[in-house]
Number of protein chains: 2
Amino acid sequence: MRLYRQFCGVARALDIVGERWTLLLVRNLIPGGQRYSDLLEGLPGITTNLLAKRLKHLTEHGVIEQQHLPPPAASTVYALTALGHELVPAVLALGAFGARFMDTPHTDDHTHPRWAMVSLRRRFRPSSATYAVQFQIEGQPPYWATFGPDGIDVRDGTGDADAVMVASPRAFGAWLMGRDIRALHASNALRVDGDIEAFAALGRAIQPL
Amino acid sequence: MRLYRQFCGVARALDIVGERWTLLLVRNLIPGGQRYSDLLEGLPGITTNLLAKRLKHLTEHGVIEQQHLPPPAASTVYALTALGHELVPAVLALGAFGARFMDTPHTDDHTHPRWAMVSLRRRFRPSSATYAVQFQIEGQPPYWATFGPDGIDVRDGTGDADAVMVASPRAFGAWLMGRDIRALHASNALRVDGDIEAFAALGRAIQPL
DNA sequence: CCGCATCCGTTTCGATACTG
DNA sequence: CAGTATCGAAACGGATGCGG
């Protein structure tokens with residue numbers, strides 16, 4: 001791999017995460033660690049050899065690490081290290097820039113709930129009320145989010161929640177694009193168990209794109 | 001050029017500025033527009049064909065534009081558009097990440113005062129006092145900075161200043177690395193005309209790397 | 001099936017030479 | 001000064017193989 005050899009923070013960062021696919025790989029790990037095959041599925045178009053190469057490269061630079069889950073999980077996942085999490089502001093800042101180009105939707109674009117989950121971190125504006133919610137999106141691992149005056153945290157997993165959304169990726173996407181949660185619930189596009197006001201509050205706190 | 005084709009802000013951003021050299025080119029334009037040859041000099045290692053290609057690509061996407069300066073300047077410069085300036089937070093965020101790898105200085109790294117000027121934008125912590133200063137670095141175009149409680153602005157050019165630094169790139173670098181301005185001035189490493197307290201205040205407001 | 005490694009055609013990049 | 005043209009080297013994309 002080629003280095004810029006510049007005594008500059010931006011160049012140093014790009015020496016590590018400037019190659020193709022690398023920052024998207026980091027993006028997908030922000031909510032939590034993932035297995036090799038999960039990453040392949042979440043990065044449509046990447047090839048297996050390149051994914052392996054990027055994983056090795058990021059591991060060597062301390063951005064990610066392999067975590068061996070205890071039995072009976074019997075699986076290893078790649079997860080961001082503390083250093084890797086320092087990249088989150090840069091990923092979100094790039095997302096904020098790129099978001100303005102999302103109004104022209106190329107028809108054959110891939111979509112993925114995980115990318116939208118990450119985008120919540122920059123679209124969220126602190127709200128007065130504090131809630132915890134759970135997302136059960138069809139075909140996806142569960143996501144758990146807590147939000148309030150201090151910001152939002154979205155991550156893989158489950159936990160105590162004021163409300164649980166059970167939805168298809170399509171219905172989840174509609175809600176993220178601004179559709180009212182009560183209207184979606186009333187039309188049976190999705191189901192909410194618990195205090196639906198939690199999702200209504202979150203919806204109001206999310207900025208367009 | 002290859003697109004990721006993902007409906008995601010991060011991917012959209014990388015479709016535009018994810019190629020090699022592109023974000024470094026943007027970095028060099030943050031203080032102000034530059035000519036083709038200025039960019040070549042400020043991006044050591046880039047080749048002329050690649051610079052031309054990147055300039056065309058960024059122009060097509062509205063990130064930069066050619067500005068034709070009025071006579072007698074008789075020159076055209078490439079400058080960030082309003083859209084291009086929206087990339088500044090992302091560039092600075094990457095710089096903040098990469099800065100932690102600058103403690104291991106590869107001996108053959110290139111250095112450039114312009115990169116350091118850009119880094120001031122993220123290293124500066126709002127100060128109580130408001131000043132305007134001018135940098136006259138040997139072999140470099142003049143830089144003008146204003147700073148105070150609201151932050152800092154560093155850009156190409158000249159203006160009313162409380163103090164003017166006349167220094168070699170090396171002395172300027174020493175000051176940026178934390179050396180006291182009065183000590184440097186006393187040792188004749190550089191010259192300060194005007195209120196030296198302006199540079200002392202700026203030095204105190206700059207975080208290490 | 002998961003987690004890669006290998007092979008190979010295509011694209012991009014880097015180095016140099018050259019032109020309006 | 002401001003690029004364009006050419007060509008070898010490296011990176012990337014796609015398919016396939018292979019051990020646990």
Side-chain angles (χ1 to χ4, degrees), chain A residues 1-6 11 14-25 28-29 33-61 64-79 108 110 139 141, chain B residues 1-6 11 14-25 28-29 33-61 64-79 108 110 139 141:
Chain A
M1 120 160 250
R2 243 158 222 288
L3 302 177
Y4 288 111
R5 301 208 165 279
Q6 296 183 358
L14 292 175
D15 278 341
I16 297 177
V17 297
E19 292 172 304
R20 198 161 160 73
W21 291 106
T22 304
L23 279 173
L24 297 182
L25 171 48
N28 278 28
L29 290 180
Q34 292 215 291
R35 296 176 304 172
Y36 190 91
S37 51
D38 297 330
L39 287 165
L40 267 183
E41 184 265 348
L43 295 168
I46 201 175
T47 51
T48 64
N49 54 354
L50 212 49
L51 176 57
K53 193 174 181 182
R54 294 292 181 266
L55 288 171
K56 182 176 297 183
H57 181 244
L58 288 175
T59 301
E60 286 169 354
H61 285 82
I64 64 174
E65 63 184 356
Q66 259 190 318
Q67 291 180 349
H68 300 270
L69 302 183
S75 180
T76 67
V77 298
Y78 291 93
D108 51 351
H110 298 105
Chain B
M1 123 160 247
R2 236 157 230 287
L3 302 176
Y4 289 110
R5 302 210 163 277
Q6 295 183 358
L14 292 174
D15 278 341
I16 297 177
V17 297
E19 291 173 303
R20 197 161 161 75
W21 292 107
T22 304
L23 278 174
L24 297 182
L25 171 48
N28 278 28
L29 289 180
Q34 293 213 293
R35 296 175 304 172
Y36 190 91
S37 51
D38 297 329
L39 287 166
L40 267 184
E41 184 265 347
L43 295 168
I46 201 174
T47 51
T48 63
N49 55 354
L50 211 50
L51 176 57
K53 193 174 181 180
R54 294 291 180 268
L55 288 171
K56 183 174 297 184
H57 182 244
L58 288 175
T59 301
E60 285 168 355
H61 285 82
I64 63 175
E65 62 183 356
Q66 258 189 319
Q67 291 179 350
H68 300 271
L69 302 184
S75 179
T76 67
V77 298
Y78 291 94
D108 52 350
H110 298 105

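Per chain, numbering begins at 1; letters A, B, ... match sequence-line order.
As a whole-Å value, the separation of B:Arg5 CZ from D:dG13 C1' is 15 Å. Put simply, CG on A:Leu3 is 14 Å from C1' on D:dA10, counting in whole angstrom units. Regarding A:Leu25, its CG atom lies at a distance of 13 Å from the P atom of C:dC4, rounded to whole Å. We find that NE2 of A:His68 is positioned 13 Å from C1' of C:dG3, with the value rounded to whole Å. Rounded to whole Å, the distance from CG on A:Asp15 to C1' on D:dA11 is 16 Å. In this structure, CD1 of B:Ile64 is placed 13 Å from P of D:dA2, rounded to the nearest angstrom. Summarising the geometry, the separation between CD on B:Gln66 and C1' on D:dG3 is reported as 11 Å, rounded to the nearest angstrom.
The salt bridge (Lys or Arg N to Asp or Glu O under 4.0 Å) analysis of residues 40-51 of chain A, with sequence neighbours excluded, yields no pairs. Listed by first and then second residue, the salt bridge (Lys or Arg N to Asp or Glu O under 4.0 Å) pairs involving residues 46-57 of chain A are A:Glu19-A:Arg54 (not counting sequence neighbours).
OP1 and OP2 of D:dT4 both lie 4.0 Å or more from every side-chain N or O belonging to B:Tyr36.
The salt bridge (Lys or Arg N to Asp or Glu O under 4.0 Å) test applied to B:Arg2 returns no partner, not counting sequence neighbours. Residues passing the ring-ring contact (aromatic ring centres under 6.0 Å, His included) test with B:His61, sequence neighbours excluded: B:His57. When the ring-ring contact (aromatic ring centres under 6.0 Å, His included) test is applied to B:Tyr4, the partners found at least two apart in sequence or on another chain are A:Trp21. Residues satisfying the side-chain contact (heavy atoms from CB on, under 4.5 Å) criterion with A:Thr48, sequence neighbours excluded, are A:Tyr36, A:Leu40. When the side-chain contact (heavy atoms from CB on, under 4.5 Å) test is applied to A:Ser37, the partners found at least two apart in sequence or on another chain are A:Arg35.
Looking only at distances, no side-chain donor or acceptor of A:Asp15 sits under 3.5 Å from a matching main-chain atom of A:Leu3. Between the side chain of B:His110 and the main chain of A:Arg5, a donor-acceptor pair closer than 3.5 Å is present.
Using a 4.5 Å heavy-atom cutoff, the side chains of A:Leu25 and A:Ile64 are not in contact. Two residues are said to be in side-chain contact when any heavy atoms from C-beta on lie closer than 4.5 Å; A:Gln66 and A:Thr59 fail this criterion.
Nearest approach of B:Leu58 to B:Val17, heavy atoms of both residues: CD2-CG1, 4.2 Å.
Taken over five-pair windows at either terminus, the axes of the helix from C:dC1-D:dG20 to C:dG20-D:dC1 are inclined to one another by 30° (rounded to 10 degrees).
Going from atom CG of A:Leu43 over to atom CD of A:Gln34 covers 8.5 Å, rounded to the nearest 0.5 Å.
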Inset, instruction - Summarise protein proximity over nucleotides 10-20 of chain C in one line of letters, 5' to 3': B for base, S for sugar-phosphate only, - for none, counting protein heavy atoms closer than 4.0 Å. - result: --SSBBBB---

Using a cutoff of under 3.5 Å, can you pull out all pairs of nitrogen or oxygen atoms linking the protein to nucleotides 18-20 of chain D, with atom names and distances?
none

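Within residues 37-44 of chain B, the residues that place at least one heavy atom under 4.0 Å from DNA chain D are, in residue-number order, B:Ser37.
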